[in-house]
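First up is the structure itself, then whatever we jot down about it.
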Amino acid sequence: MNHWLMKSEPATFGVEHLAKKPRRRAAWDGVRNYTVRNMLRDQMKKGDLAFFYHSSCEVPGIYGIVRIVTEGYPDPTAFKRGHAHFDDKSDPKAPRWFMVDVELVRRLRKPIALSTLHANAQTLGELLILKRGNRLSIVPVSAEQWHAVIALE
DNA sequence: GCCAACGTTGGC
DNA sequence: GCCAACGTTGGC
C-alpha cells in the first residue's frame, strides 16, 4: 500500500466539504499537471491512504486522512466546455486528465500545521512537502514518514 | 530542442 | 500583496 499527501485549498474544497458528501466520498478532480496526472493514473491504488493537506489558508497543514477508493479514471470536468477545468485538448477518446475518488477516513483530532512539520524535519526526513518550491498537488509519502507524521498528532 | 516569457502555486 | 520556484507555452 502506498501513502500520499494531497493538497487542496479549503476555501474551494477542504476536509469539511468532504465530510458532508454522501458516504464521505468525492472525486479528486481538476488536476492539470502531468507529473500528478501520472501518479493518479498509474500509481495510486485502491486502499492507499493520503493526508488531506490544506494550502493557501490561515494555518496550512494536514487536516485529515483519506482513503483512495478507485483507481485513476478520466476526469470528466476536462470535457465540459465552460467548466473551470475545461481543457479542449483533452479528447474523450484519449483522455488527458485523470482523477481518483477519495473517502474521508477521519479528521485529525488536532491538525498538524506546516510549521509543526518543519519543526520536526529531523524526524521526518526528506518529506517532499517541506522542500522549497514544491508545487505538486499530490506527493508520495513513505511508510516511515506516514507514521512519523501521525505521531505528531 | 532550446530558452525566454508567462502563468500558477503557495507560504509569508 | 509580494515574490521565489517552477511548469508550460510557443517562437525560432
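Naming: A, B, ... by sequence-line order, numbering from 1 per chain.
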Cut-off 3.5 Å, no hydrogens considered: what does the side-chain donor-acceptor table look like for residues 50-58 of chain A, sequence neighbours left out?
from     : atom 1 : to       : atom 2 : distance (Å)
His54(A) : NE2    : Val15(A) : N      : 3.1

Those residues that, when tested against Phe13(A), pass ring pair (Phe, Tyr, Trp, His ring centres under 6.0 Å) (two or more places apart): His17(A)

To 10°, what angle do the rotation axes through the five end pairs on each side of the helix from dG1(B)-dC12(C) to dC12(B)-dG1(C) form? 10°

Please list, by residue number, the residues of residues 48-60 of chain A whose heavy atoms come closer than 4.0 Å to an atom of DNA chain B; answer none if no residue qualifies. Tyr53(A), Ser55(A), Ser56(A), Pro60(A)

Sequence neighbours excluded, which residues qualify as side-chain contact (heavy atoms from CB on, under 4.5 Å) partners of Ala113(A)? Val59(A), Ser115(A), Thr116(A)

Anything under 4.0 Å to a heavy atom of chain A counts; send over the first and last such nucleotide of DNA chain B, read 5' to 3'. dG7(B) to dG11(B)

Validation: residues 35-42 of chain A side-chain donor-acceptor distances under 3.5 Å, sequence neighbours left out:
from     : atom 1 : to       : atom 2 : distance (Å)
Arg37(A) : NH1    : Arg96(A) : O      : 2.9
Asn38(A) : OD1    : Arg41(A) : NH2    : 3.4
Asn38(A) : ND2    : Tyr34(A) : O      : 3.4

Of all pairs that satisfy salt bridge (Lys or Arg N to Asp or Glu O under 4.0 Å), the ones with a partner from residues 3-18 of chain A, not counting sequence neighbours: Glu16(A)-Arg107(A)

Residues pairing under salt bridge (Lys or Arg N to Asp or Glu O under 4.0 Å) where one sits in residues 144-153 of chain A, two or more places apart or in two chains, turn out to be Arg106(A)-Glu153(A), Arg109(A)-Glu153(A)

Keeping Asp75(A) on the side-chain end and Trp97(A) on the backbone end, is there a donor-acceptor pair under 3.5 Å? no

Show every ring-ring contact (aromatic ring centres under 6.0 Å, His included) that has at least one partner inside residues 99-119 of chain A, sequence neighbours left out. none

Show which residues join Tyr73(A) in its hydrophobic cluster (side-chain heavy-atom contacts under 4.5 Å, direct or indirect), or state none. Met99(A)

Return all side-chain donor-acceptor pairs below 3.5 angstrom for residues 20-29 of chain A, not counting sequence neighbours, or 'none' if the list is empty.
from     : atom 1 : to        : atom 2 : distance (Å)
Arg24(A) : NH2    : Val105(A) : O      : 3.2
Arg25(A) : NE     : Glu103(A) : OE2    : 3.1
Arg25(A) : NH2    : Glu103(A) : OE2    : 3.2

